[in-house]
Amino acid sequence: MKNLIVIFGLLAIFILKASAQTDIDALRYATPSLQGTARNIGVGNTMSVVGADISATHSNPAGLAKFSSTEITLSPGISFYKSNSNYLGNNTNDSKVKFQVSNFGVAIANRYKKENETKKWNGLKVGISFARLANFNEKYYFKGFNDKNSLLNNYYDKLSDNTFITSEEDAKTKYPFDASIAYQLDLLSSDSVGNIFTATNNGNMLQEYTIQKTGGMDEFAIGFASEYDSKFSIGASIGIPFINYTERIKLIETDTRDSAFNLNSFSNETYLKTRGTGFNVKIGVLYSPIKNLKLSLAFQTPGFMFMKDDYKTTMEADYANRTDILIGESPDGRSTYKYVQPWRLSAGASYVHKVGFVAVEYELSDAQVSKFKLNQTDASARDYENFLNAQIKNKYGLFHTIKAGVEFKIQKFRMRAGIQYRTSPFDKNAAPTTINTDVITYSGGLGYRMEHFFVDIAYTQTNTKELFIPYSINESFWKSAVPVATLKIKKPAIFFTVGYKL
């Protein structure tokens, strides 16, 4: 596995236009979790099994058939992100607050006129909704003294490849987004016979990382549904997802123990902005075999996304014998490509009574079928594309999501609670062994219903863990491993919904 990481890093540099795509990007866009209205959030995202909630447009559109009147909803929210990072034995905390719109939607209930009530179908219901599918807002800061290696060791591996670097001019130009910038700033140098040297003396530097991620995945969807004989509902919707993701990762390496000759510190900051849009289709049914009991089944086709990346690298070097800071920048990078999201299949059941309801749902998806299609035809691009998709296939697999929610009625008041559990999307042979990558989300909420107006509030919290590997090196050559940061994040959030029934 370590050799594959090194190979991956070396392959990526040959495809400068594709340098931003990784299997981690594929996973980020393959595991969305619908938020929707505060009612849907409060009951653990199970309203698609109950119906009559605009969130169903994005999950099981058959639920739209349960609307008896036209309804307009708006759901803003506030997210509080709290992170804890452990790197080289040091623990650090960080936090972030973000406002967002979880959902805005209109459900149009077109009922037949009274004289036509003998008809079995209850009329066409239309849902038009904009909802957040995933939040990418995260912030981490961590640091530690690394006495084994440096980011410059990664650049050393690249510039020491004599089959690709045959001259000093190659060292200055072949890797314009990383190693070549460092070489131009004298963070790496070479002698007359081509031996490469690093200014950090291969480690013994204090490393400080700042990671900032912003953006999210949203979806505009329009759905249609109808109910037959008050027992069977069928619906379909077309979804247009939007991705807006920005990532900044900054590393500062500082010589705190006078180990690097003449070098005080250097920094490396990478910037990535990803935007994309696409489409998918959802179909679903709801069936009531007996009074109060509802069974649901829904399927979402693979999503086809058209993506665009903009990326850039900036480095700075501070030398003891200079009064100025040396600055180097890469060119503005841009790539366009296609990404295929995995399909989703869900099934559930709910029991609706005059005092409330209880609902459960199971969802299945397969991160392994995610794939990239690069908009390039040269042989090296095809090789990288095949390698990247093979990495996705070998690293990820089926993942399962189990949801449960309950709502109680007390006259005009509502009380809600919910839970979601998602298993790890990693294949068992590739899953991290030091952390648990399953995800649990808890939620609860309150609501108040009037004749036309209604308001809801929901609280939710998701706890996740992940590993961050800052760079890769040839570990057999350097006889050391790159330190791994363990990142823990809590995502509490409060959402509100205000609605009006016509």
Side-chain angles (χ1 to χ4, degrees), residues 34-43 45-77 101-113 119 121-133 218-228 230-241 280-288 294 296 298 300 346 348 350 352 357 359 361 405 407 409 412 414 416 445 447-458 495-502:
L34 171 66
Q35 293 177 350
T37 65
R39 187 185 188 192
N40 184 62
I41 293 170
V43 295
N45 198 9
T46 58
M47 284 305 298
S48 61
V49 187
V50 179
D53 189 277
I54 194 64
S55 304
T57 316
H58 305 272
S59 50
N60 185 349
L64 297 172
K66 296 297 181 179
F67 278 101
S68 59
S69 61
T70 296
E71 185 175 297
I72 303 172
T73 58
L74 174 64
S75 304
V101 175
S102 177
N103 175 255
F104 174 72
V106 179
I108 303 171
N110 178 26
R111 293 186 62 85
Y112 290 118
K113 294 182 180 179
K119 291 189 175 182
W121 291 98
N122 74 341
L124 182 66
K125 313 299 173 68
V126 180
I128 303 172
S129 176
F130 177 87
R132 172 137 291 196
L133 302 184
D218 302 290
E219 184 177 71
F220 172 81
I222 180 168
F224 306 89
S226 188
E227 185 177 55
Y228 181 79
S230 300
K231 289 187 175 183
F232 178 77
S233 303
I234 185 170
S237 65
I238 297 174
I240 303 175
N280 59 62
V281 176
K282 306 173 188 71
I283 55 175
V285 295
L286 282 175
Y287 176 61
S288 299
K294 298 177 184 178
S296 72
Q300 177 181 306
S346 64
S350 65
V352 182
F357 69 81
E361 186 176 26
E407 178 182 272
K409 296 181 181 180
K412 295 182 179 181
R414 307 290 187 269
R416 307 180 181 110
Y448 185 77
R449 289 309 199 251
M450 293 171 280
E451 182 178 358
H452 293 289
F453 286 97
F454 60 92
V455 292
D456 297 302
I457 183 172
F495 296 94
F496 306 87
T497 293
V498 293
Y500 182 76
K501 292 184 177 183
L502 300 181

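What you are looking at is a predicted structure, and each value in this text was computed from that prediction instead of being measured. Start at 1 with the first residue, then count along the sequence.
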I need the minimum non-hydrogen distance between [X] and [Y], along with the two atoms involved.
| X | Y | result |
| --- | --- | --- |
| A38 | A458 | O-CB, 3.2 Å |
| K282 | G239 | NZ-CA, 3.9 Å |
| S237 | G223 | CB-CA, 3.5 Å |
| A56 | S48 | CB-CA, 4.4 Å |
| A225 | P61 | CB-O, 3.3 Å |
| S226 | L124 | OG-N, 4.5 Å |

Can you measure from [atom1] ([X]) to [atom2] ([Y]) and round to the nearest 0.5 angstrom?
| X | Y | atom1 | atom2 | result |
| --- | --- | --- | --- | --- |
| F130 | L74 | CZ | CG | 11.5 Å |
| Y448 | I457 | OH | CD1 | 16.0 Å |
| Q300 | I283 | CD | CD1 | 11.0 Å |
| E451 | K412 | CD | NZ | 8.5 Å |
| W121 | I234 | CH2 | CD1 | 6.5 Å |
| I41 | L34 | CD1 | CG | 8.0 Å |

Contact check, side chains of [X] and [Y], non-hydrogen atoms, under 4.5 Å:
| X | Y | result |
| --- | --- | --- |
| D456 | R416 | yes |
| S346 | N60 | no |
| E71 | F454 | yes |
| F495 | T37 | no |
| L64 | I54 | yes |
| K294 | K66 | yes |
| S69 | L502 | no |
| F357 | M47 | yes |

### Task
Look only at the side chain of T497 and the backbone of S75, and say whether a donor-acceptor pair between them is shorter than 3.5 Å.
no
### Cationic N near anionic O, under 4.0 Å, K125 to E227
no
### Task
Carefully, step by step, assess E407 and R39 under the rule side-chain contact (heavy atoms from CB on, under 4.5 Å).
CA-CA 9 Å; E407 178 182 272; R39 187 185 188 192; 3.0 Å; yes
### Query
Quick one: do the N103 and S129 side chains pair a donor with an acceptor below 3.5 Å?
yes
### Message
Does either side chain, that of E219 or that of N280, offer a donor lying less than 3.5 Å from an acceptor on the other one?
### Response
yes
### Message
Counting only heavy atoms from other residues, nucleotides and ligands, does the tally under 6.0 Å from CD1 of I222 exceed 12?
### Response
yes
### Message
Here's a test for you: under side chain to side chain donor-acceptor pair (under 3.5 Å), which of D53, T46, N45 qualifies with N40?
### Response
N45
### Query
Would V285 and F232 count as a side-chain contact (heavy atoms from CB on, under 4.5 Å) if you check the C-alpha gap in whole Å, the side-chain angles of each, and the deciding distance to 0.1 Å?
CA-CA 7 Å; V285 295; F232 178 77; 3.8 Å; yes
